[in-house]
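Let me begin by presenting the structure, written as structure tokens, before commenting on it.
Since this is a predicted model, take the numbers as computed values, not measurements. Naming convention: chains lettered A, B, ... in sequence-line order (proteins, then strands); numbering from 1 in each chain.
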Amino acid sequence: MQENEELKKPYNPNEHEDLIYKKWEDSGFFNPDVCIEKGIADKDADYFSIVLPPPNVTGTLHMGSAFMLAIEDTMVRYNRMLGKKTLWVPGTDHAAIATQSKVEKLIQKEEGKNRHDLGRIEFLKIVEKFAQENHDTIVTQMKKMGCSLDWSREAFTLDEKRNLAVKTVFKKMFDDELIYKGHRVVNWDPKGQTTISDDEIVYEERKATMYTFKYSPDFPIAISTTRPETKVGDTAVAVNPDDTRYQKYIGQTFEIKDFAGERLSIKIIADKEVDPEFGTGALGVTPAHSQIDEGIAQRHDLPLKPVINEYARMSVESSLLKDKKVTEAREIVVGWLKDKNLMIKGEEVSQNVSTAERTGGIIEPLPKLQWFINVNKEFERDGKKLTLKKLMLGVIEKEEINIIPERFEKEYTHWIENLRDWCISRQIWYGHQIPVYYKGDEIYCGLEKPEGNDWIQDEDTLDTWFSSGLWTFSTLGWPHFAEASRGKPGPENDFVNYHPTTVLETGYDILFFWVARMILMSTYATGQIPFENVYLHGLVRDNQGKKISKSLGNNIDPLDMILKYSADSVRMALMVGTGPGNDTKISEEKLKAYKHFANKIWNASRFVLENTGSLQTSDVGSLTEKDQGTIKEYKEIVKDITSDMESYRFYLAADKIYHYFWHTFADIIIEDCKKRIKENDEADSVKALLYYLLREQLKLLHPFMPFITEKIWSLLPDSKNLLMVEKWPN
RNA sequence: GGGCGAUUAGCUCAGUUGGUAGAGCAACCCGUUUACACCGGGAAGGUCAGAGGUUCGAGUCCUCUAUCGCCCACCA
């Protein structure tokens with residue numbers, strides 16, 4: 001047969017995949033407006049919408065991204081085949097500090113310059129070029145994976161539309177006094193020269209020495225610390241109110257004339273947070289350089305005494321310590337204590353050191369004037385008193401949002417309950433500049449710079465998660481939308497047509513960073529939940545179970561794997577058997593297994609088409625009783641698979657269709673039909689059965705293995721439309 | 001310190017609501033006038049981490065223990 005000439009050759013995915021993707025793109029069916037226009041989706045049909053978690057433009061896609069894309073594209077294709085108005089919005093994330101610090105490292109290495117050598121405008125040009133290059137690679141990678149994203153709606157977290165959304169939300173929060181500027185001890189990253197939020201800290205376990213000493217010979221209480229250099233900033237010693245050893249000193253103030261060249265005034269206070277069992281049971285309070293101590297200081301009205309500056313150097317007058325790096329200062333203070341016979345002991349302990357996630361810098365808690373989102377402040381909404389925290393908790397408690405797997409709901413709730421105010425200002429250049437303007441003592445927050453020449457905009461930029469928190473609605477046209485346009489097609493009406501989104505699919509590792517913040521931002525700014533379901537996937541590990549990373553040298557590039565095994569095989573290898581919230585191991589054996597499966601599909605299709613000739617539609621009614629029974633059994637499988645798809649059990653659905661195709665259809669049904677063909681027995685029934693089962697299974701397989709199924713579909717004598725817009729069987 | 005997950009064949013893992021233990025890879029035997037050797041058939045391999053409990057019935061539910069892993073807190 002002429003039309004099946006292509007099937008005679010072995011399946012070569014590289015030859016077909018790009019061409020098939022082009023066909024899909026040209027069809028316009030990635031865009032729901034086109035689907036409605038062409039009658040693929042009814043204009044009154046349900047919608048299925050999902051935003052792509054925007055990959056960071058810091059780099060290119062890894063196996064974890066491929067996993068995410070496979071799951072999401074499977075969902076999207078399935079729902080499109082159900083006839084829903086299906087929208088998957090693509091985009092990328094500027095990733096603020098991550099991108100900036102990466103570019104800073106690059107120019108330091110290549111040109112020996114830092115960002116200040118270049119200036120804000122010049123530096124940003126380089127960052128933007130870097131971002132653009134990565135963006136382009138990422139887009140290519142997503143197309144290679146077969147993602148049916150609506151490229152006409154592509155967004156970037158730092159483009160103009162998203163900037164408008166950011167400014168609008170900021171102003172709303174500012175006016176509601178949920179955003180405030182405050183002087184507080186923040187996490188300062190001396191390496192990145194910026195504040196970071198609590199969530200951007202990673203703890204590294206290191207060995208340290210815990211020193212126990214007295215401030216002066218006549219000071220009555222010994223204290224312990226791993227950071228003696230900060231002790232020049234102490235203004236109190238806190239003890240537990242019930243600790244009988246120290247009760248007599250509570251309320252007294254001791255003047256210490258010389259502590260490593262500094263004068264200290266130490267008040268003895270009682271605070272129940274102090275653990276009498278730990279160390280000496282007394283805590284030296286350093287209000288300026290510890291967030292816990294800051295809290296104690298506030299309760300007891302203690303003065304703040306900053307002794308470390310932004311460069312992690314000592315800012316005290318003591319000639320011993322002035323301008324010394326904290327690590328040097330530590331040695332100096334230890335030496336001084338030993339000299340003066342004040343050191344009682346030093347023992348080795350392991351402790352968690354706070355480091356900045358993106359730069360690796362050791363965090364120095366410092367008092368700084370910064371912008372915060374107040375998560376505990378009450379505000380009115382529809383006559384009810386709310387806080388952002390309550391808003392975030394409520395939607396999970398009331399089950400407006402369903403998290404899959406369920407166990408993460410507990411983790412989410414626990415995290416919110418312990419949430420502190422979110423520091424959103426960053427001293428970096430790449431990001432959304434804070435929409436606040438100053439003129440003398442005047443302060444103005446607004447979308448545009450106010451009239452008059454003397455207004456100066458706040459130099460800081462926003463935490464990247466501020467803009468990604470708006471992602472579900474900033475990508476759908478908010479704040480520009482009109483309720484009256486519901487049901488009318490076109491991107492300008494997306495917010496009313498597609499929000500709340502149906503599902504958010506992302507890694508469990510960013511549940512707090514991102515998912516929680518989207519819930520906060522969306523419920524606050526739009527009054528709508530951002531999504532109805534959250535599907536969390538796990539990490540992709542290597543076949544030894546190790547986390548995949550460039551530094552470990554076990555990095556697997558999805559593009560290499562696609563080239564070697566096909567995009568369909570990569571997708572299947574990632575999907576089969578990996579339930580939500582579970583990590584998966586990827587190995588070449590697994591990829592090979594699904595490459596074999598693709599080959600199986602190709603060859604079985606060849607066999608069927610060679611034997612069914614120009615048969616077009618299967619007249620299932622004329623089948624023998626036995627063959628009708630086979631189809632009945634098959635339909636049970638379809639029902640089962642559909643129910644798995646509906647319940648987000650893609651890992652099971654993929655496995656079931658794989659097994660049915662190979663071990664029932666190919667191994668049993670085809671083998672049986674071979675005999676019947678040879679004996680020329682019930683030829684019409686055999687043909688109809690084979691053609692029907694092949695054609696139907698291509699539909700089931702399509703969301704998982706879109707390329708090969710679309711290719712074979714195009715070779716069927718009766719394929720008129722693209723398989724991607726065929727109806728899912730029932 | 002608090003929380004969560006995992007423990008099933010040599011290896012990697014499935015097993016959705018409790019109903020006679022499954023797949024892939026590896027190893028073993030047989031098969032190539034063939035849709036496919038990127039294959040087919042067959043056989044082998046498991047007191048489902050351990051102990052106790054609920055049940056007519058437990059890999060699945062409950063309790064405890066052990067080992068491994070992750071997250072959160074951060075004891076100064």
Side-chain angles (χ1 to χ4, degrees), chain A residues 4 7-8 10-11 198-199 201 203 205 210-212 223-228 230-231 234 237-238 271 273-286 289-293 296 349 351-354 405 407-415 417-419 508-509 511-512 538-539 541 543-547 565 569 573 576-590 592-611 640 643-644 646-649 651-656 658-659 662-663 666-668 670-671 673-674 677 690 694:
Chain A
N4 290 340
L7 269 177
K8 294 225 164 88
Y11 179 58
D198 294 346
D199 309 288
I201 290 176
Y203 293 101
E205 196 169 300
M210 172 82 79
Y211 300 100
T212 301
I223 58 163
S224 299
T225 184
T226 53
R227 296 200 59 187
T230 65
K231 298 288 108 183
D234 282 11
V237 164
D271 196 288
E273 284 220 354
V274 178
D275 177 2
E277 305 297 318
F278 186 84
T280 62
L283 163 67
V285 183
T286 322
H289 299 289
S290 153
Q291 289 179 1
I292 291 185
D293 293 7
I296 296 175
V349 292
Q351 65 160 15
N352 279 333
V353 175
S354 310
R407 64 184 143 94
F408 285 101
E409 289 186 2
K410 227 186 279 175
E411 287 195 18
Y412 172 89
T413 306
H414 184 254
W415 183 80
E417 280 164 355
N418 294 304
L419 187 62
Y508 65 69
D509 51 331
L511 177 65
F512 306 136
L539 299 173
R541 299 171 177 280
N543 56 353
Q544 265 118 55
K546 287 199 199 109
K547 210 166 164 172
Y565 299 105
S569 311
V576 174
T578 307
N582 289 347
D583 292 352
T584 182
K585 289 178 192 168
I586 192 78
S587 61
E588 300 229 7
E589 287 83 60
K590 219 165 168 181
K592 216 162 104 185
Y594 291 103
K595 184 182 177 232
H596 293 177
F597 180 52
N599 183 57
K600 191 78 186 175
I601 297 172
W602 188 255
N603 287 314
S605 301
R606 177 197 303 147
F607 175 82
V608 171
L609 292 178
E610 276 175 358
N611 285 287
D640 196 24
S643 131
D644 286 335
E646 287 297 319
S647 311
Y648 296 94
R649 293 189 296 257
Y651 64 110
L652 284 184
D655 198 33
K656 283 172 187 168
Y658 169 88
H659 279 102
W662 200 319
H663 300 299
D667 289 350
I668 298 171
I670 288 186
E671 288 307 318
C673 286
K674 267 187 201 167
I677 289 167
L690 289 177
L694 173 67

Please classify the nucleic acid contact of [X] as base, sugar-phosphate, or nothing, using heavy-atom distances under 4.0 Å.
X         : result
Ile292(A) : sugar-phosphate
Asp667(A) : sugar-phosphate
Gly279(A) : nothing
Arg649(A) : base
Ser290(A) : nothing
Ala666(A) : base

By nearest nucleotide on RNA chain B, pick out whichever of Trp602(A) and Phe512(A) is the more 5' one.
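Looking at RNA chain B, the more 5' nearest nucleotide goes with Trp602(A).
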Out of [options], which has the shortest distance to the side chain of [X]?
X         : options                : answer
Asn582(A) : A14(B), A35(B), A76(B) : A14(B)
Leu652(A) : U12(B), G15(B), C38(B) : G15(B)
Lys674(A) : A35(B), U16(B), C38(B) : A35(B)
His659(A) : A76(B), U16(B), A23(B) : A23(B)

What interatomic distance, in whole Å, is found between [atom1] of [M] and the corresponding atom of [N]?
N      : M      : atom1 : answer
A51(B) : A66(B) : C1'   : 11 Å
G15(B) : A6(B)  : C1'   : 15 Å
U60(B) : A21(B) : C1'   : 12 Å
U16(B) : G59(B) : P     : 13 Å
C39(B) : A27(B) : P     : 14 Å
G19(B) : C72(B) : C1'   : 40 Å
U55(B) : C61(B) : C1'   : 10 Å

Going by an N to O cut-off under 4.0 Å, is there a salt bridge joining Glu671(A) and Lys674(A)?
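Yes, Glu671(A) and Lys674(A) are salt-bridged.
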Can you tell me if Lys656(A) has over 12 outside heavy atoms packed within less than 6.0 Å of its NZ?
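Buried by this count: over 12 neighbours within 6.0 Å.
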N or O in side chain of [X] less than 4.0 angstrom from [N] OP1/OP2:
X         : N      : answer
His663(A) : A23(B) : no
Tyr651(A) : A14(B) : no
Lys590(A) : U12(B) : no
Lys410(A) : C4(B)  : yes
Trp662(A) : G40(B) : yes
Lys600(A) : G40(B) : yes
Gln351(A) : A76(B) : yes

Nucleotide paired to [N] in any strand shown, Watson-Crick or G-U, under 3.5 Å:
N      : value
C4(B)  : G69(B)
G59(B) : none
C13(B) : G22(B)

Going by heavy atoms in the side chains, are Arg407(A) and Tyr508(A) under 4.5 Å from each other?
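No; the side chains remain at least 4.5 Å from each other.
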Any donor-acceptor pair under 3.5 Å linking the side chain of His659(A) with the backbone of Asp655(A)?
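Yes: the side chain of His659(A) pairs with the backbone of Asp655(A).
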Do Asn611(A) side-chain atoms and Phe607(A) backbone N/O form a donor-acceptor pair below 3.5 Å?
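Judged by distance alone, yes, a pair lies under 3.5 Å.
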Would you mind telling me which of Tyr412(A), Trp415(A), Phe408(A) makes a ring pair (Phe, Tyr, Trp, His ring centres under 6.0 Å) with Phe512(A)?
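It is Trp415(A), the one option of Tyr412(A), Trp415(A), Phe408(A) that forms the ring pair (Phe, Tyr, Trp, His ring centres under 6.0 Å) with Phe512(A).
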Matching residue for Phe597(A) among Trp602(A), Tyr565(A), Tyr658(A) - test: ring pair (Phe, Tyr, Trp, His ring centres under 6.0 Å)
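Single ring pair (Phe, Tyr, Trp, His ring centres under 6.0 Å) partner of Phe597(A) among Trp602(A), Tyr565(A), Tyr658(A): Tyr658(A).
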